[in-house]
Amino acid sequence: MSSTTAKACANIALIKYWGKRNEELMLPTKSSLSVSLESLKTSTKVSFNYEDRLSINGCNIQGDAFTKFITFLNKFRKKFEIDKHFAVESFNNFPTAAGLASSSSSFAALAQALNNLCAVNLDTKGLSILARLGSGSASRSVYGGFVVWHKGLLHDGSDCFAQQLFTKDHWPEFRIIVVILQSAQKKISSSSGMQISVATSKFYNDWVAHSELRLNDMIEAIKQKNLANVGALAELDCLEMHQAMQDSTPAINYFNDKTVAVMDMIKKLRISGVQCYFTIDAGPNVKIITDTSNQNSVLDKLKTVDGIEQIIVSKIA
Ligand code: PMV
(Lines give C-alpha, C1' and ligand atoms only; values in the text may rest on other atoms or scores of the structure.)
Protein backbone atom coordinates (compact mmCIF):
# COMPACT_ATOMS: atom_id res chain seq x y z
CA MET A 1 0.00 0.00 0.00
CA SER A 2 1.52 3.37 -0.98
CA SER A 3 -1.25 5.66 0.27
CA THR A 4 -4.38 5.49 2.39
CA THR A 5 -7.26 7.84 3.33
CA ALA A 6 -9.10 8.05 6.65
CA LYS A 7 -11.98 10.23 7.86
CA ALA A 8 -12.95 11.57 11.28
CA CYS A 9 -15.52 14.00 12.65
CA ALA A 10 -14.76 16.92 14.96
CA ASN A 11 -16.14 16.77 18.47
CA ILE A 12 -17.50 19.48 20.75
CA ALA A 13 -16.88 19.08 24.46
CA LEU A 14 -19.87 19.31 26.78
CA ILE A 15 -17.55 18.89 29.78
CA LYS A 16 -14.31 20.60 28.75
CA TYR A 17 -10.61 19.76 28.66
CA TRP A 18 -8.35 22.73 29.41
CA GLY A 19 -4.89 22.07 30.82
CA LYS A 20 -2.27 19.31 30.80
CA ARG A 21 -0.44 17.58 33.63
CA ASN A 22 2.18 16.27 31.16
CA GLU A 23 2.97 18.31 28.01
CA GLU A 24 5.01 15.65 26.19
CA LEU A 25 2.41 12.87 26.57
CA MET A 26 -0.55 15.31 26.38
CA LEU A 27 -2.07 14.04 29.63
CA PRO A 28 -4.97 16.23 30.84
CA THR A 29 -5.57 17.52 34.35
CA LYS A 30 -9.15 16.20 34.22
CA SER A 31 -11.51 13.93 32.31
CA SER A 32 -13.82 15.41 29.65
CA LEU A 33 -16.88 14.46 27.62
CA SER A 34 -17.83 15.30 24.05
CA VAL A 35 -20.25 14.69 21.22
CA SER A 36 -18.95 13.96 17.72
CA LEU A 37 -20.54 15.97 14.89
CA GLU A 38 -21.53 14.46 11.58
CA SER A 39 -21.32 17.79 9.68
CA LEU A 40 -17.74 18.70 10.68
CA LYS A 41 -15.52 16.25 8.83
CA THR A 42 -11.85 15.84 8.00
CA SER A 43 -10.60 13.52 5.31
CA THR A 44 -6.85 12.80 5.32
CA LYS A 45 -4.73 11.05 2.70
CA VAL A 46 -1.27 9.85 3.76
CA SER A 47 1.47 8.56 1.43
CA PHE A 48 5.11 7.64 1.93
CA ASN A 49 7.35 10.49 0.75
CA TYR A 50 11.05 11.51 0.75
CA GLU A 51 10.27 14.28 3.29
CA ASP A 52 7.37 15.26 5.61
CA ARG A 53 4.80 17.54 4.00
CA LEU A 54 1.39 18.80 5.05
CA SER A 55 -1.35 20.48 3.05
CA ILE A 56 -4.76 21.51 4.39
CA ASN A 57 -7.52 22.23 1.88
CA GLY A 58 -4.88 22.35 -0.90
CA CYS A 59 -2.57 24.88 0.84
CA ASN A 60 0.95 23.91 1.83
CA ILE A 61 1.27 24.39 5.60
CA GLN A 62 4.27 25.87 7.43
CA GLY A 63 4.79 27.69 10.73
CA ASP A 64 3.25 26.59 14.04
CA ALA A 65 0.75 24.14 12.52
CA PHE A 66 3.58 22.38 10.64
CA THR A 67 5.72 22.22 13.80
CA LYS A 68 2.79 20.61 15.69
CA PHE A 69 2.38 18.08 12.85
CA ILE A 70 6.11 17.20 12.79
CA THR A 71 6.16 16.83 16.58
CA PHE A 72 3.30 14.33 16.25
CA LEU A 73 4.99 12.41 13.40
CA ASN A 74 8.22 12.21 15.43
CA LYS A 75 6.30 10.77 18.41
CA PHE A 76 4.63 8.24 16.06
CA ARG A 77 7.96 7.22 14.48
CA LYS A 78 9.64 6.83 17.88
CA LYS A 79 6.76 4.89 19.47
CA PHE A 80 6.49 2.36 16.62
CA GLU A 81 10.15 2.44 15.43
CA ILE A 82 9.18 3.54 11.93
CA ASP A 83 11.84 5.15 9.74
CA LYS A 84 9.64 6.77 7.05
CA HIS A 85 8.47 10.22 5.96
CA PHE A 86 4.96 11.14 4.89
CA ALA A 87 3.02 13.45 2.58
CA VAL A 88 -0.29 14.34 4.23
CA GLU A 89 -3.18 15.97 2.36
CA SER A 90 -6.01 16.95 4.68
CA PHE A 91 -9.41 18.42 3.79
CA ASN A 92 -11.79 20.03 6.30
CA ASN A 93 -15.35 20.91 5.28
CA PHE A 94 -15.38 23.68 7.94
CA PRO A 95 -13.09 26.60 8.98
CA THR A 96 -9.75 25.46 10.40
CA ALA A 97 -8.42 26.63 13.81
CA ALA A 98 -11.28 28.99 14.70
CA GLY A 99 -12.22 27.16 17.89
CA LEU A 100 -14.19 24.64 15.85
CA ALA A 101 -12.14 21.68 17.00
CA SER A 102 -10.45 21.07 13.63
CA SER A 103 -7.44 19.61 15.43
CA SER A 104 -9.69 16.93 16.95
CA SER A 105 -10.80 15.53 13.59
CA SER A 106 -7.42 16.22 11.90
CA PHE A 107 -5.28 14.24 14.32
CA ALA A 108 -7.89 11.46 14.67
CA ALA A 109 -7.99 11.02 10.87
CA LEU A 110 -4.18 11.24 10.63
CA ALA A 111 -3.70 8.64 13.40
CA GLN A 112 -6.05 6.24 11.59
CA ALA A 113 -4.41 6.79 8.20
CA LEU A 114 -0.89 6.25 9.63
CA ASN A 115 -2.09 3.14 11.46
CA ASN A 116 -3.40 1.70 8.18
CA LEU A 117 -0.49 2.79 5.95
CA CYS A 118 2.19 1.48 8.31
CA ALA A 119 0.14 -1.61 9.33
CA VAL A 120 0.54 -0.84 13.05
CA ASN A 121 -2.72 -2.68 13.82
CA LEU A 122 -3.89 -0.53 16.74
CA ASP A 123 -7.34 -1.14 18.22
CA THR A 124 -9.58 1.88 18.93
CA LYS A 125 -8.08 2.37 22.41
CA GLY A 126 -4.59 2.44 20.85
CA LEU A 127 -5.81 4.83 18.15
CA SER A 128 -7.26 7.13 20.81
CA ILE A 129 -3.90 7.16 22.64
CA LEU A 130 -2.04 7.85 19.37
CA ALA A 131 -4.44 10.65 18.31
CA ARG A 132 -4.05 12.19 21.81
CA LEU A 133 -0.31 12.70 21.10
CA GLY A 134 -1.31 15.12 18.31
CA SER A 135 -4.04 17.03 20.11
CA GLY A 136 -5.77 16.11 23.34
CA SER A 137 -9.30 16.48 22.00
CA ALA A 138 -8.41 14.20 19.04
CA SER A 139 -8.42 11.25 21.45
CA ARG A 140 -12.24 11.66 21.53
CA SER A 141 -12.70 11.94 17.73
CA VAL A 142 -11.79 8.31 16.99
CA TYR A 143 -15.40 7.54 18.00
CA GLY A 144 -18.83 8.79 17.03
CA GLY A 145 -21.59 9.42 19.55
CA PHE A 146 -21.05 10.69 23.10
CA VAL A 147 -17.50 10.05 24.26
CA VAL A 148 -15.66 10.32 27.57
CA TRP A 149 -11.88 10.88 27.69
CA HIS A 150 -10.50 9.37 30.92
CA LYS A 151 -7.70 11.46 32.39
CA GLY A 152 -5.98 8.31 33.72
CA LEU A 153 -3.58 8.12 36.64
CA LEU A 154 -0.48 6.39 35.22
CA HIS A 155 2.63 8.40 34.33
CA ASP A 156 3.07 6.67 30.95
CA GLY A 157 -0.45 7.67 29.78
CA SER A 158 -1.50 4.08 29.04
CA ASP A 159 -4.79 4.57 30.95
CA CYS A 160 -5.48 7.96 29.36
CA PHE A 161 -7.78 7.27 26.41
CA ALA A 162 -11.32 7.93 25.22
CA GLN A 163 -14.28 5.57 25.22
CA GLN A 164 -17.68 5.75 23.57
CA LEU A 165 -20.57 6.03 26.07
CA PHE A 166 -23.56 6.16 23.70
CA THR A 167 -23.88 5.84 19.93
CA LYS A 168 -25.75 8.35 17.76
CA ASP A 169 -28.80 6.05 17.87
CA HIS A 170 -29.24 6.74 21.57
CA TRP A 171 -30.48 10.30 20.84
CA PRO A 172 -31.34 10.84 17.12
CA GLU A 173 -33.13 14.15 17.87
CA PHE A 174 -30.06 15.79 19.45
CA ARG A 175 -28.61 18.70 17.43
CA ILE A 176 -25.68 21.10 17.62
CA ILE A 177 -26.01 24.35 15.67
CA VAL A 178 -22.56 25.79 14.96
CA VAL A 179 -22.66 29.58 14.63
CA ILE A 180 -19.52 30.80 12.87
CA LEU A 181 -18.85 34.43 13.78
CA GLN A 182 -15.23 34.54 12.71
CA SER A 183 -13.58 31.92 10.53
CA ALA A 184 -10.04 33.41 10.84
CA GLN A 185 -7.36 31.69 12.94
CA LYS A 186 -7.65 32.08 16.70
CA LYS A 187 -5.48 34.65 18.50
CA ILE A 188 -3.90 32.34 21.03
CA SER A 189 -3.46 28.60 20.48
CA SER A 190 -5.19 26.23 22.88
CA SER A 191 -1.80 24.76 23.95
CA SER A 192 -0.40 28.17 24.96
CA GLY A 193 -3.69 29.21 26.54
CA MET A 194 -3.79 26.04 28.63
CA GLN A 195 -0.21 26.52 29.89
CA ILE A 196 -0.99 30.10 30.94
CA SER A 197 -4.22 29.08 32.71
CA VAL A 198 -2.65 26.14 34.59
CA ALA A 199 0.31 28.28 35.71
CA THR A 200 -1.50 31.51 36.64
CA SER A 201 -5.30 31.27 36.87
CA LYS A 202 -6.62 31.72 40.39
CA PHE A 203 -9.90 30.03 39.47
CA TYR A 204 -8.36 27.09 37.56
CA ASN A 205 -8.31 24.50 40.39
CA ASP A 206 -11.88 25.39 41.40
CA TRP A 207 -13.08 24.83 37.83
CA VAL A 208 -11.28 21.44 37.67
CA ALA A 209 -12.89 20.34 40.96
CA HIS A 210 -16.40 21.49 39.93
CA SER A 211 -16.07 20.03 36.44
CA GLU A 212 -14.94 16.61 37.70
CA LEU A 213 -18.11 16.46 39.82
CA ARG A 214 -20.27 17.57 36.86
CA LEU A 215 -19.03 14.74 34.63
CA ASN A 216 -21.17 12.04 36.29
CA ASP A 217 -24.25 14.30 36.25
CA MET A 218 -23.67 14.90 32.55
CA ILE A 219 -23.45 11.15 31.83
CA GLU A 220 -26.73 10.63 33.72
CA ALA A 221 -28.42 13.52 31.86
CA ILE A 222 -27.34 12.11 28.46
CA LYS A 223 -28.51 8.64 29.51
CA GLN A 224 -31.95 10.11 30.32
CA LYS A 225 -31.90 12.28 27.15
CA ASN A 226 -32.67 15.24 29.40
CA LEU A 227 -31.86 18.25 27.20
CA ALA A 228 -32.45 20.82 29.96
CA ASN A 229 -29.90 19.13 32.24
CA VAL A 230 -27.37 18.45 29.47
CA GLY A 231 -27.62 22.07 28.34
CA ALA A 232 -27.42 23.62 31.81
CA LEU A 233 -24.39 21.49 32.78
CA ALA A 234 -22.61 22.22 29.48
CA GLU A 235 -23.22 25.98 29.78
CA LEU A 236 -21.97 26.10 33.35
CA ASP A 237 -18.86 24.09 32.50
CA CYS A 238 -18.10 26.35 29.53
CA LEU A 239 -18.65 29.56 31.51
CA GLU A 240 -16.42 28.38 34.37
CA MET A 241 -13.69 27.33 31.90
CA HIS A 242 -13.80 30.80 30.32
CA GLN A 243 -13.73 32.35 33.80
CA ALA A 244 -10.55 30.34 34.51
CA MET A 245 -9.11 31.63 31.20
CA GLN A 246 -10.04 35.23 31.99
CA ASP A 247 -8.57 34.95 35.49
CA SER A 248 -5.17 34.06 33.96
CA THR A 249 -2.22 36.47 33.70
CA PRO A 250 -2.28 37.72 31.01
CA ALA A 251 -6.06 37.35 30.81
CA ILE A 252 -7.25 35.11 27.96
CA ASN A 253 -10.48 36.18 26.31
CA TYR A 254 -11.81 34.24 23.32
CA PHE A 255 -15.19 36.04 23.21
CA ASN A 256 -15.97 38.99 20.97
CA ASP A 257 -19.06 41.27 20.90
CA LYS A 258 -20.90 38.92 18.55
CA THR A 259 -20.20 35.94 20.87
CA VAL A 260 -21.83 37.84 23.73
CA ALA A 261 -24.77 38.86 21.50
CA VAL A 262 -25.46 35.21 20.53
CA MET A 263 -25.16 34.07 24.18
CA ASP A 264 -27.72 36.76 25.19
CA MET A 265 -30.03 35.73 22.37
CA ILE A 266 -29.95 32.11 23.53
CA LYS A 267 -30.72 33.07 27.15
CA LYS A 268 -33.70 35.21 26.03
CA LEU A 269 -34.98 32.52 23.70
CA ARG A 270 -34.84 30.03 26.55
CA ILE A 271 -36.93 32.29 28.79
CA SER A 272 -39.52 32.34 25.99
CA GLY A 273 -39.75 28.53 26.18
CA VAL A 274 -37.33 27.33 23.47
CA GLN A 275 -34.87 24.73 24.74
CA CYS A 276 -31.41 25.88 23.63
CA TYR A 277 -28.06 26.24 25.39
CA PHE A 278 -24.57 27.37 24.35
CA THR A 279 -21.02 26.14 24.58
CA ILE A 280 -17.89 27.96 23.38
CA ASP A 281 -14.30 26.76 22.97
CA ALA A 282 -10.98 28.50 22.24
CA GLY A 283 -12.48 30.94 19.74
CA PRO A 284 -15.42 33.32 19.35
CA ASN A 285 -17.82 30.89 17.62
CA VAL A 286 -20.85 29.58 19.49
CA LYS A 287 -22.23 26.02 19.42
CA ILE A 288 -25.90 25.76 20.34
CA ILE A 289 -27.13 22.59 22.02
CA THR A 290 -30.72 21.81 21.08
CA ASP A 291 -32.95 19.18 19.44
CA THR A 292 -35.16 18.73 16.37
CA SER A 293 -38.28 20.14 18.03
CA ASN A 294 -36.52 23.42 18.98
CA GLN A 295 -34.11 23.75 16.05
CA ASN A 296 -36.31 25.86 13.74
CA SER A 297 -37.14 28.42 16.44
CA VAL A 298 -33.40 28.83 17.08
CA LEU A 299 -32.60 29.15 13.36
CA ASP A 300 -35.39 31.76 12.90
CA LYS A 301 -34.04 33.85 15.76
CA LEU A 302 -30.45 33.61 14.46
CA LYS A 303 -31.64 35.35 11.26
CA THR A 304 -32.12 38.51 13.36
CA VAL A 305 -28.48 38.53 14.58
CA ASP A 306 -25.95 40.61 12.59
CA GLY A 307 -22.49 39.42 11.63
CA ILE A 308 -22.98 35.66 11.39
CA GLU A 309 -20.64 34.23 8.70
CA GLN A 310 -22.10 30.72 8.51
CA ILE A 311 -24.45 28.36 10.33
CA ILE A 312 -23.98 24.58 10.34
CA VAL A 313 -26.62 22.28 11.81
CA SER A 314 -25.24 18.91 12.83
CA LYS A 315 -26.55 15.57 13.99
CA ILE A 316 -24.43 13.30 16.14
CA ALA A 317 -21.77 11.43 14.11
O1 PMV B 1 -7.23 19.51 21.72
P2 PMV B 1 -6.97 20.96 21.77
O3 PMV B 1 -5.56 21.25 22.13
O4 PMV B 1 -7.38 21.65 20.52
O5 PMV B 1 -7.84 21.59 22.97
C6 PMV B 1 -9.25 21.67 22.94
C7 PMV B 1 -9.74 22.52 24.04
C8 PMV B 1 -11.20 22.90 24.01
O9 PMV B 1 -11.73 22.79 22.71
C10 PMV B 1 -11.36 24.35 24.47
C11 PMV B 1 -12.03 22.05 24.98
C12 PMV B 1 -12.26 20.61 24.59
O13 PMV B 1 -12.42 19.79 25.51
O14 PMV B 1 -12.32 20.30 23.40
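Remember, it's 1-based here, ligands and their atoms both numbered in the order they're listed.
Taking a cut-off of under 4.0 Å to the non-hydrogen atoms of M194, the atoms of ligand 1 that pass are 3 (O), 5 (O), 7 (C). Close approach to W18 involves these atoms of ligand 1, each under 4.0 Å from a residue heavy atom: 10 (C). Within the listing of ligand 1, atoms 1 (O), 5 (O), 7 (C), 8 (C), 11 (C), 12 (C), 13 (O) sit less than 4.0 angstrom from a heavy atom of Y17. Within ligand 1, the atoms closer than 4.0 Å to a non-hydrogen atom of S190 are 2 (P), 3 (O), 4 (O), 5 (O), numbered from 1 in the order shown. Atoms of ligand 1 found under 4.0 Å from any heavy atom of D281, numbered from 1 in the order shown, are 8 (C), 9 (O), 10 (C), 11 (C).
For ligand 1, the polar-atom distance check against N11 finds no nitrogen or oxygen pair separated by under 3.5 Å. Looking at ligand 1, you'll find an N or O of S137 within less than 3.5 Å of one of its N or O atoms. Any N or O atom pair closer than 3.5 Å counts here, and K16 shares no such pair with ligand 1.
In this structure, F48 has its ring center no closer than 6.0 Å to that of H85.
Checked options D206, L33, I15; the residue passing with S211 is I15 (criterion: side chain to side chain contact (heavy atoms under 4.5 Å, CB included)).
Of the candidates A13, S135, S102, the one placing a heavy atom closest to atom 2 (P) of ligand 1 is S135.
Using modelled atom types, one finds no donor on one side chain facing an acceptor on the other under 3.5 Å when comparing S47 with S3. Side chains of R175 and S314: a donor-acceptor N/O pair is absent below 3.5 angstrom, by distance only.
Side-chain contact between S105 and F94 is present, with heavy atoms from C-beta onward closer than 4.5 Å.
For N57 (side chain) and N92 (main-chain N/O), a donor-acceptor pair under 3.5 Å exists by modelled atom type.
Heavy atoms of R140 found under 4.0 angstrom from ligand 1 belong exclusively to the side chain. Contacts of S103 with ligand 1, taken as heavy-atom pairs under 4.0 Å, involve the side chain alone.
The shortest separation from a heavy atom of S32 to ligand 1 is not under 4.0 Å, leaving the residue out of contact.
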Test log, rule ring pair (Phe, Tyr, Trp, His ring centres under 6.0 Å), inputs F107 and F69: CA-CA 9 Å; F107 281 105; F69 162 76; 7.7 Å; no
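A salt bridge between K287 and D281 is present, with a side-chain N of the basic residue lying under 4.0 Å from a carboxylate O of the acidic one.
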